[in-house]
Every structure is written in C-alpha cells, then in structure tokens.
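Note sheet for the following structure.
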Protein chains: 2
Amino acid sequence: MTAGSGGTGAADGAVGGTVTGTGRLDGGPAGPPAPVNGGDTVAKVVRQWRAVHPGLDTGPMEIIGRVNRCAALLQQAEDAPLRRAGLTRPEFDVLGTLRRTGHELTPSEIARETFSSGAAVTKRLKQLSERGLVERRGDDRDRRVAHVRLTDAGRDLVDTIIPEQLGYESAVLAGLDGAGQRALAELLGELLIQLEGRLGSSHL
Amino acid sequence: MTAGSGGTGAADGAVGGTVTGTGRLDGGPAGPPAPVNGGDTVAKVVRQWRAVHPGLDTGPMEIIGRVNRCAALLQQAEDAPLRRAGLTRPEFDVLGTLRRTGHELTPSEIARETFSSGAAVTKRLKQLSERGLVERRGDDRDRRVAHVRLTDAGRDLVDTIIPEQLGYESAVLAGLDGAGQRALAELLGELLIQLEGRLGSSHL
DNA sequence: GCAGAGTGTTTTACTCGTAAAACACCTGCT
DNA sequence: AGCAGGTGTTTTACGAGTAAAACACTCTGC
C-alpha cells in the first residue's frame with residue numbers, strides 16, 4: 001500500500017494499490033483499468049460488492065479504499081523527482097529527517113522518526129554514507145551508540161530536492177481547489193490523530 | 001507505506017509510513033514516536049520544515065503526508081483480521097476481485113484489477129491454488145490463456161472475511177463522526193478522479 | 001503454410017524489507 | 001570485581017515484489 005492493492009480498505013478485494021501491498025498503481029506491465037464513468041475506481045469496486053452482497057455496509061471502503069489508492073498513486077507520482085536525484089523515498093526520508101531536525105541523530109532515532117525497522121535504517125545508512133551524503137561518528141560516552149549527520153553534499157542535495165518535490169506535489173494536487181485542499185488536510189488530520197492515538201500505541 | 005515512511009508527501013523527509021517505502025507504522029522494533037501535542041505526526045514534521053526553510057510552501061505535505069501516513073496506519077490495522085484467516089492483503093485482493101466480479105478472470109485481468117504486476121499475480125495464484133481456494137482451467141480457443149475462479153472453499157472464505165473486515169474497519173474509523181466520514185470520502189473521491197485521470201494513463 | 005509480430009503467462013535474477021538472532025556495550029546489584 | 005539483564009546496532013535468513021527475459025501460443029500478410 002505498501003501500499004499494495006487490496007481493495008477499498010481491507011475488505012474491498014482489490015480496490016487498487018491500496019492496502020495489502022502498497023499496491024501498484026500505474027497498472028505496471030498491465031494497462032490501466034480504464035477510468036470508469038460514474039466515479040473513481042473505488043466507486044466501481046464498491047458497486048460490485050453491493051451487487052454481490054446487498055446487505056453489506058460498504059462505508060469503510062469508501063474511505064479506506066480511497067486513502068490507499070490515493071497513497072499508491074501519489075507515491076508513484078512522487079517517485080519521479082526523487083529518482084532523477086538517484087534516491088528512493090526511504091533514502092530521502094532519512095536525509096529529510098536529518099535535515100528537518102537540524103542535528104545529529106542516532107540510528108534508533110532515525111528508525112523511530114521514519115517508522116522504519118532498525119535493520120532497514122542500518123542498510124540505508126550504509127548506502128547513503130557510501131555515497132557521501134551522510135557521516136557517522138561514535139559516541140564516546142556509550143560506544144554502542146552512533147551519531148549520524150548530513151555531509152555538506154547531503155545537505156545541499158536535500159535543499160535542492162525539497163522545493164522541486166513540493167512543486168511537483170503541488171502540481172499533482174492541483175485538481176483540487178484551495179478550499180478542497182484545506183478541507184481535506186483538515187479531515188485527514190482529524191482522522192490521523194484518532195488513528196495515531198488508537199493504533200500508534202498498543203494494538204487497537 | 002507500508003506504508004513506508006518518507007515524509008509528508010514526498011518532500012517531507014519522513015512523515016512516517018508515507019511515501020517512499022510503504023513505511024512502517026507501528027514503530028516496529030522501535031517504539032512509537034510518541035503522539036505529539038499540537039496535532040498529528042505530520043503537523044510536527046511540517047513545523048520542523050517551516051522552521052528550517054521558512055519560505056517553503058508546505059501545503060502539499062499536509063495532504064500527501066497525511067494520506068500516506070493514514071494509509072500506513074490503516075494497512076497495519078487491517079492486517080489483523082486477514083492474518084487470522086492466514087491471508088495477506090494481496091492474496092485477499094485476488095480472492096476479493098474474483099468474488100466481486102462474479103465470474104472467472106484471466107491472470108492478466110486480475111493483475112489489472114488489483115494493480116499488481118503479472119509476475120506477482122502468478123505467484124499469488126500458485127499459493128492460492130495450493131491452498132485450494134482457487135482453480136484454474138485453460139482456455140480451449142487460445143491455449144496461452146488461463147481462467148481462474150474461486151473454489152467453494154475460496155468463496156466461503158471470502159464471504160466469511162468480508163463482514164468481519166468491514167466491521168473492523170468501521171471500528172477503526174469510528175473516531176470520525178458520520179458527517180466527517182462522508183465529507184472525507186467525498187473529497188478523496190474528487191482527488192482520486194483527478195489523480196486517476198492524470199496519473200492513471202500516461203505520466204502526469 | 002509459414003515467417004514475423006504481437007499477446008498471455010511464467011521464469012529468472014535481483015532488490016529491499018522484515019524478524020529474529022547475534023554482538024557489543026552499559027548499568028545496577030552484590 | 002563480576003555478572004545478570006537491558007539497550008543500541010548489525011547480521012542473517014528469508015519472503016515478496018519487480019523488471020526483463022523466456023516461453024508458448026495466436027494472428028496477419030505474404
């Protein structure tokens with residue numbers, strides 16, 4: 001939906017680039033599913049479910065399926081500018097985290113901040129330091145701990161990419177007018193607070 | 001997305017379970033980033049960026065970052081009911097697609113419908129048919145083509161899971177009231193139509 | 001009829017992420 | 001001191017997805 005596909009929400013049975021996987025979304029090797037008249041892809045899936053199981057409350061699909069599908073499509077779109085810089089998104093996330101916090105971070109902190117596993121961060125840091133975008137130094141109090149920081153090249157790269165990326169994203173979102181964007185950001189924020197409170201700690 | 005992390009949108013530098021990766025979201029081995037006061041995780045990241053780059057238009061992050069983070073959190077939450085049935089989401093997507101369309105599908109059609117690559121579908125079908133949830137037969141006109149359908153066991157499994165899954169999703173979304181949910185579904189639908197039109201075919 | 005182009009599906013080689021184990025080190029207790 | 005238990009990081013083994021190549025087959029035009 002990592003963004004796998006799955007369907008609208010979990011129960012959609014493939015609403016596209018949604019839940020399970022992170023989902024493909026460009027259709028990949030296979031062509032796009034052809035924009036359906038009468039709504040988005042999710043609406044079509046919902047209609048199919050309702051036809052097969054008339055009693056079903058498909059409400060959750062309309063939100064979860066769409067969130068997942070949007071995430072999949074956006075992710076794909078967003079990859080373009082980063083790819084030009086030779087970075088994957090998880091790699092950029094590491095760099096961005098270091099840049100926005102403004103100080104050195106330990107691998108554990110980076111893992112928490114990027115919602116990644118420690119092992120994944122270890123691998124990314126290895127690649128990024130081989131490319132000279134990041135540097136490490138050991139803590140001298142506690143020799144288990146490492147401190148990671150951006151090199152000048154890393155910092156410059158982030159500062160170059162960020163405006164490009166935001167501009168690109170702006171263009172991608174342009175289909176929605178200003179008020180719609182604000183309303184959407186607001187509602188997603190509300191939902192996110194709930195989800196982070198509920199799922200962030202413990203397990204629902 | 002898992003929603004990996006990435007940041008708010010692509011340019012957030014890790015807003016969590018967002019763009020690049022599909023992102024982790026439960027914090028995994030590392031603990032959760034601790035719910036921040038003054039908004040969701042994305043709001044915190046946005047504030048950090050604005051402090052470092054005051055001129056930046058962080059608008060896109062507030063939507064894209066949140067969509068990605070929501071997708072990541074929801075994906076994780078949704079996994080629970082499926083896991084109990086011993087299915088991954090991409091696997092369930094295949095079954096669900098067959099169920100909701102109501103007829104046999106070829107592997108290519110399944111790939112299009114689930115936004116997966118053909119290779120991924122091949123693997124999933126292999127596993128599902130080993131478990132007796134799905135059956136294949138060859139087309140007798142065109143011997144390249146296969147037709148896949150649910151077995152009775154597969155159909156029953158889907159029909160058992162769907163209501164559980166939707167109920168679970170309903171509970172997860174309960175933090176938002178009915179009006180909020182409708183508004184959110186509506187706005188996401190609008191955005192999705194734009195994205196599917198723009199990104200679905202060709203490349204932006 | 002038969003080459004050549006095209007399509008549906010599978011295989012191959014590879015990348016990346018994860019979970020769990022392994023390490024390395026600190027800390028508190030005795 | 002010395003050891004038990006805990007924490008930070010890396011390594012290992014593996015599963016899953018992808019892109020590209022390989023297959024298998026059909027169709028078109030000559």
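Throughout, a chain's letter reflects where its sequence line sits, starting with A, and its residues are numbered from 1.
C:dT15 atom C1' lies 12 Å from atom CZ of A:R83, rounded to whole Å. The separation between A:L105 atom CG and D:dG8 atom P is 14 Å, rounded to whole Å. Here the P atom of nucleotide C:dG8 and the CD atom of B:E113 are 15 Å apart, to the nearest Å. Summarising the geometry, the separation between NZ on A:K126 and C1' on C:dC16 is reported as 13 Å, rounded to the nearest angstrom. Here D:dG8 presents its C1' atom at 11 Å from NE2 of A:H147, a figure rounded to the nearest Å. Per the geometry, CZ belonging to A:R124 stands 15 Å off C1' belonging to D:dT9, to the nearest Å. The nearest whole Å value for the distance from the CD atom in B:Q75 to the P atom in C:dG17 is 15 Å. Residue A:I110 contributes atom CD1, which lies 14 Å from atom P of D:dG8 at whole-angstrom precision.
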Side chain to side chain contact (heavy atoms under 4.5 Å, CB included) assessment of A:E164 paired with A:R84: CA-CA 11 Å; A:E164 288 176 10; A:R84 282 188 303 179; 4.0 Å; yes
Full working for side chain to side chain contact (heavy atoms under 4.5 Å, CB included) between B:R50 and B:L56: CA-CA 7 Å; B:R50 294 176 71 83; B:L56 227 50; 5.9 Å; no
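Of the candidate nucleotides D:dG17, D:dG8, D:dT11, D:dT11 has the atom nearest to the side chain of A:A119. Taking every side-chain heavy atom of A:A120 into account, C:dG17 is the closest of C:dG17, D:dT9, C:dT10. Closest to the B:R144 side chain, of the nucleotides C:dG17, C:dG8, D:dT11, is C:dG8. Counting only heavy atoms from C-beta on, A:Q127 has its side chain closest to C:dC16 among C:dG17, D:dT11, C:dC16.
Side-chain atoms of B:D142 and B:V145, non-hydrogen and from C-beta on, do get closer than 4.5 Å to each other. The shortest side-chain heavy-atom distance between B:V134 and B:L95 falls under the 4.5 Å cut-off. At least one side-chain heavy atom of B:L157 sits under 4.5 Å from a side-chain heavy atom of B:L87.
Residue A:T106 has no polar side-chain atom (N or O) positioned under 4.0 Å from OP1 or OP2 of D:dG8. The phosphate of C:dG17 has neither OP1 nor OP2 within less than 4.0 Å of any side-chain N or O from A:S116.
A side-chain donor from one of A:S116 and A:R124 sits under 3.5 Å from a side-chain acceptor of the other.
A cation-pi arrangement is absent between B:R99 and B:F92 under the rule of less than 6.0 angstrom and at most 45 degrees off the ring axis.
Contact annotation: side chain of A:K123 to base of C:dT15, donor-acceptor pair absent below 3.5 Å.
Near DNA chain C, meaning a heavy atom under 4.0 Å away, the residues from residues 129-143 of chain A are A:R141, A:D142, A:R143.
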